[in-house]
Structure formats: C-alpha cells, structure tokens
There are 2 protein chains.
Amino acid sequence: MKIDGIDKKIIRSLVKDARTPILSIAREVGISGAAIHQRLRKLEKSKLIDGYHMKINQSSIGYTTTSFVGIHLEPTAVLSSIIKRLKEIPEVVESHYTTGNYSVFVKILNKNNQDLMRVLETKIQQINGVSKIETFVSLQQQIDRQIHI
Amino acid sequence: MKIDGIDKKIIRSLVKDARTPILSIAREVGISGAAIHQRLRKLEKSKLIDGYHMKINQSSIGYTTTSFVGIHLEPTAVLSSIIKRLKEIPEVVESHYTTGNYSVFVKILNKNNQDLMRVLETKIQQINGVSKIETFVSLQQQIDRQIHI
DNA sequence: CCTGAAACTCCGTGATT
DNA sequence: AATCACGGAGTTTCAGG
C-alpha cells in the first residue's frame, strides 16, 4: 500500500475531524471531489482506516477517574476465559497481554475512587485465575493522540 | 446536562460510525432530521462530544508494537518540562501522571522491538530528570473500546 | 422540543480523457 | 488516476405549532 502526499492530507484531515466533507478536502487539496472519493475508498479497502468514531468526553458523563491495572495471573489461569470476564466489565476499555511484571494489563474508567474500588474488589479481583493486582491511578493526562502520519 | 434516550441513540450511532448521516439516524430514531441536527448541536456545545476522528490502523502503517512505559523521576525533576520533552517524541501517544510505583506512565507505539529500543534509549532515557524506566510490551490487545453510554 | 419546507451543499457513479 | 456532469441525498436554517 502506497500513500502519497494527497492521501496523507486526506488522512490528516479526517483524523482531525472525521465529518469533514469530502468536497471541502477536495478544495483544500486542489483536486476534484470524485478523486478524493476514489482515494478514500481505496484507503478504506486497504484496511489502513479502522473506522470513524465520535469521541465522548468521559468526564462530562461523570467518568473522572482513569486507572491502569496490572494483573498477575495464577499459573493455571486460562487467558481466554480471563479476557471473556474482563469484557463483561464495562469500565474496562483496554486490555493487553504483556511481557514484564504482569500478565494482563488493563485500562479502566470510573466515576470516582469509590467506584474504582468497587470494580477492583467486586469485579476484577473476583475473576477466577487472578492472583494479585496493582493499580496506578492517573491524576492527570497530558498527552492523548494518534500516531502521526 | 440531561441526556435522554434519543440522545443516547444519536451518540451510540456516531460512536460506532462518525460519518453516519444525520438523516439516517433520524429515520432510525423516528424523528425529523432537523430535530437530530438540533440535538447534536446541543451535545457538541455541552462538551460531551470531544470530536470525530478517523482511526488509523497502526499496524497497517508498520507500527506493530505497543508498549507501556513506567517512568521514575528524580526528586528534583520538573513535571512540566518532562511532559514537554515527551510531547516531542511522536511515538508517545498517551502520558499520565500517576499514583503508585511510577510518576509518569506513557503509552508508546513503535514499528518493532528495535525501534522501541531506540526510542527508549535515545529519547526517553535521555530526558533530564528521568531516573529509571520499566517497560511492558503488549503482545496482544484484546479489548479496545470507549465507555458505554 | 418538534416539524416541514426551502436553499444550499455534498455524495456516489458513470462516462470520458 | 483524474475530470465532468448529474440525480439522489444530506445539511442547515427558519417559521411555526
């Protein structure tokens, strides 16, 4: 998959605002809307584009606490069933299987510290196969962006 | 800010696909396009909506390695200047100031393990005030979603 | 908070270079 | 891989219930 300068302009424009009309990108770039349309179709087909998503301001709906939880597993634990249980916890927004100290590493969002405690104690800690967890609460997020093209 | 069932339907639809036409949401919900348009304006004004973004498939552009890096700071380190330096590293996509073992916790994307090593050694480790770092490489990501409304 | 209608803008496609 | 042309859709605004 080759990406030229025009493709990059299209991508940067839609990464910034996914609802930008194709025609306004066309005017900016200096080629026709139909051409932008064709390129976008190709980019979508190539799987370079994962989708277009509205981003919700989590704190505006009361989710003010972001945390990372390192999860140590018991030797007999089965990863796939752990993941299945994690998916059932709506507060869990990311889950990774990692090298290093932990086995599973998750990002969770909560309304407040009490809500965080509830999820840790009554949800994550209760999953069969979880032995020990370690929690890092984000006091402030300073960077949040995508990889730059 | 009150969110009713119609607002939720609008939000869910645009979280899934930010380019969904307002009119098609209108047909789904059963009210006029103008009404959806008005509600969306209000949601945008209320700051509940953080934006609409194209999501790039990072691995399709060669960024196949995701890692989390816990950064220990020297007692004299100044957070704001550390953050400033981190922002200059394009591979750093998230940065948090956290409780727990670390002081700063970042998510970084790399093309491969060698590229990861380069960024750790020649970029992050070189920042003035950084004492020790600990890296967790994601071998697999199983969950990636937004908080559910 | 909704609607319908008008004016405007955009989308998607087919024919063409 | 770009262009033009065009009919169908979508967006935005506004007067009105």
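The figures that follow rest on heavy atoms only: side chains count, while hydrogens, waters and symmetry mates do not. Naming convention: chains lettered A, B, ... in sequence-line order (proteins, then strands); numbering from 1 in each chain.
Salt-bridge formation is detected for the pair B:Arg39/B:Asp4: a Lys NZ or Arg NE/NH1/NH2 atom is positioned less than 4.0 Å from an Asp or Glu carboxylate oxygen. Using a 4.0 Å cut-off between a side-chain N of Lys or Arg and a carboxylate O of Asp or Glu, B:Lys55 and B:Asp144 qualify as a salt bridge.
Using a 4.0 Å cut-off, some side-chain N or O of A:Arg19 falls inside it from OP1 or OP2 of D:dT11. In this model, the phosphate group of D:dT12 is approached by a side-chain N or O of B:His37 to a distance below 4.0 Å at OP1 or OP2. Neither OP1 nor OP2 of C:dC11 sits under 4.0 Å from any side-chain N or O of A:Arg41.
Atom pair B:Ile10:CD1 and D:dT11:C1' shows a separation of 15 Å (rounding to whole Å applied). Rounding to whole angstrom units, CD1 of residue B:Ile6 and C1' of C:dT3 are separated by 13 Å. For the pair A:Ile36 CD1 and D:dA1 P, the computed distance is 13 Å after rounding to whole Å. Rounded to a whole Å, the CG atom of A:Asp17 is 13 Å from the P atom of C:dC10. Distance CZ (B:Arg27) to P (D:dT11): 9 Å, rounded to an integer number of Å. Atom CG in A:Leu40 sits roughly 13 Å away from atom P in D:dA2 (whole-Å rounding). B:Arg39 places its CZ atom 18 Å from the C1' atom of D:dT12, with the value rounded to the nearest Å. The CG-C1' distance, from B:Asp7 to C:dC1, rounds to 11 Å in whole Å.
Of all nucleotides listed (D:dT3, C:dA5, C:dC2), C:dC2 comes nearest to the side chain of B:Gln38. Side chain of B:Leu23, nearest nucleotide from D:dT11, C:dT3, C:dT13: D:dT11. Nearest nucleotide to the side chain of A:Ala35, out of C:dC2, C:dC10, D:dA2: D:dA2. Picking from D:dA1, C:dG12, D:dA2 the nucleotide with the shortest atom distance to the side chain of A:Lys42 gives D:dA1.
Aromatic rings of B:Phe136 and A:Tyr102 (six-membered ring for Trp) have centroids within the 6.0 Å cut-off, being under it.
Between the side chains of B:Thr66 and B:Gln58, at least one donor N or O lies within less than 3.5 Å of an accepting N or O.
Looking at B:Gln146, its side chain does come within 3.5 Å of a backbone N or O of A:Met54 through a donor-acceptor pair.
Here B:Ile22 lies in heavy-atom contact (under 4.0 Å) with sugar-phosphate atoms only.
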